[in-house]
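To start, the structure itself, in structure tokens.
Bear in mind the structure is a predicted one, so any value in this text is a computation, not a measurement. Proteins get letters first, then strands, A, B, ... in listed order; numbering begins at 1 in each. All heavy atoms count here, side chains included; hydrogens, waters and symmetry mates do not.
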2 protein chains.
Amino acid sequence: MTENPKQSVRGAALRKLVLDTALERFSRDGYFNTSIHDIRRQAGVSIGSIYHHFGNKEALAKALYDDLLQRMDAGLAEVMGRESDCRARCDGIIAFLFEAAIEAPQAMRFVLEARHREFLPDEPPVCSSQPFQRMRECIEQGIGRGEVRPMEVPVAATAAFGGAIRLLHLHLDGVLEQPLAHYLAETQEAAWRAIAMTPADRP
Amino acid sequence: MTENPKQSVRGAALRKLVLDTALERFSRDGYFNTSIHDIRRQAGVSIGSIYHHFGNKEALAKALYDDLLQRMDAGLAEVMGRESDCRARCDGIIAFLFEAAIEAPQAMRFVLEARHREFLPDEPPVCSSQPFQRMRECIEQGIGRGEVRPMEVPVAATAAFGGAIRLLHLHLDGVLEQPLAHYLAETQEAAWRAIAMTPADRP
DNA sequence: GTCTATAAGATGATAGAC
DNA sequence: GTCTATCATCTTATAGAC
């Protein structure tokens, strides 16, 4: 049985195809419910090619994970470069997360929902990854500049983005009545109120 | 090889022992990294007993899940009965979640972090479960009474509890510098500010 | 680099004695 | 109700031809 007729897909393109297929299956069924043979079948390539490019299943997941985290980080970096004050940055970050969840729900699901500890045991928790660290830095700067109330940084960071992330989960779980974008402005406003320095907070 | 010498643990006690063991392993290694044989070995019972009491692995996970959700819901119900105004209820709910995460981290990890969809495919998402619905109701009532700003309910609910839940994740991932309790008051305050009706919001 | 066929091991589940 | 022994299947991974 020929898997990849005339080997029309080869090299880097084959690698990309396998990654895309893995993302779809991992995000839909989970890492453990997806066998290498599932990916092989759906991608229409041979199991030998998959092992040639990635070595083993865990390394395939890790390649995917690194790729997605890097793309997410690039998006956040862009926001941080574009905006300068803390409110605008928080708004931009939340808007970016929403857009990403709308346009690339599978990627978002894999980054946000997957329990990476269970299949990438040597990986630090997601919350220690670059994108999440960037969010924390944004808030830390905001505190330093007096735009955000003085608070413990983990509290401020989770207060700022926890609501949005939680709403992202609801969206990905398909339990929201309205499209995600409908909730954007209110989510940004609530996030900022949670941490904003108000006149009454000044000493 | 005798597993349960003289069958000292039997009936309901055996069932409980299996559930406790399953919780520890599922929460530490994940559902898919835990085999029935692992649970059998650690609990010191026979595989036959496990299948007698639960039928299959998925049903074991479901029994555990239902049990934990019910306990969590009971805790939230207690808070709702004790407090009447929305701010006190939100504070109480967050305090309860923190206490539960401190005293029963394995249970919290299984309820909050596990991807139940992947091993309980017929179960609705956690966010639709009783405890989470209760939180949403609390906020909805707060809006109705004018204690919370008029907002989309999903936004208000995630804004109120998303930060706390996110911080719980950080705690369970072991990335917080301080003990969780240290962050309680600030988390409650930030949660309330995110949704509170202020004089300036009144028309 | 890609392919097919196969190996080696683990897993969920069952049968049947006590 | 609990036990041991065993099964059938699936999974990851490798070998070796092209």
I need the single residue from Leu184(A), Leu170(A), Leu167(A) that forms a side chain to side chain contact (heavy atoms under 4.5 Å, CB included) with Val155(B). Which is it?
Leu167(A)

What do the steps show when you test Met108(A) against Leu168(A) for side-chain contact (heavy atoms from CB on, under 4.5 Å), and what is the final call?
CA-CA 9 Å; Met108(A) 209 49 158; Leu168(A) 247 48; 3.5 Å; yes

Mind calculating the distance between CZ (Phe54(B)) and C1' (dT14(C)) to the nearest angstrom?
18 Å

With a cut-off of less than 4.0 Å, is there a side-chain N or O of Ser49(B) near OP1 or OP2 of dC3(D)?
yes

Charged N-O contact under 4.0 Å between Arg87(B) and Glu147(B)
no

How many Å lie between CG on Asn4(A) and P on dC3(C), as a whole number?
4 Å

Do the side-chain N or O atoms of His52(A) get closer than 4.0 angstrom to the phosphate oxygens (OP1, OP2) of dT2(C)?
no

Calculate the interatomic distance between Ile39(B) atom CD1 and dT11(C) atom P; express it in whole Å.
11 Å

In whole angstrom, give the distance that lies between atom CZ of Arg41(B) and atom C1' of dA10(C).
11 Å

Between atom CZ in Arg40(B) and atom P in dT2(D), what is the gap in whole Å?
16 Å

Distance under 6.0 Å and angle within 45° of ring axis: Lys57(A) vs Tyr31(A):
yes

Below 3.5 Å is the cut-off: list the nitrogen or oxygen pairs between protein and nucleotides 9-12 of chain D, distance only.
residue : atom : partner  : partner atom : Å
dT12(D) : OP1  : Lys57(A) : NZ           : 2.7
dT12(D) : OP2  : Ile36(A) : N            : 3.0

For the side chain of Tyr183(A) and the backbone of Pro154(B), is there at least one donor-acceptor N/O pair under 3.5 Å apart?
no

Would you mind reading off the distance between Glu58(B) atom CD and dA13(C) atom C1', rounded to a whole angstrom?
14 Å

Test item: Arg89(A) side-chain N/O and Glu83(A) main-chain N/O as donor-acceptor pair under 3.5 Å
yes

In this structure, how many angstroms lie between the P atom of dC18(D) and the CZ atom of Arg10(A), rounded?
17 Å

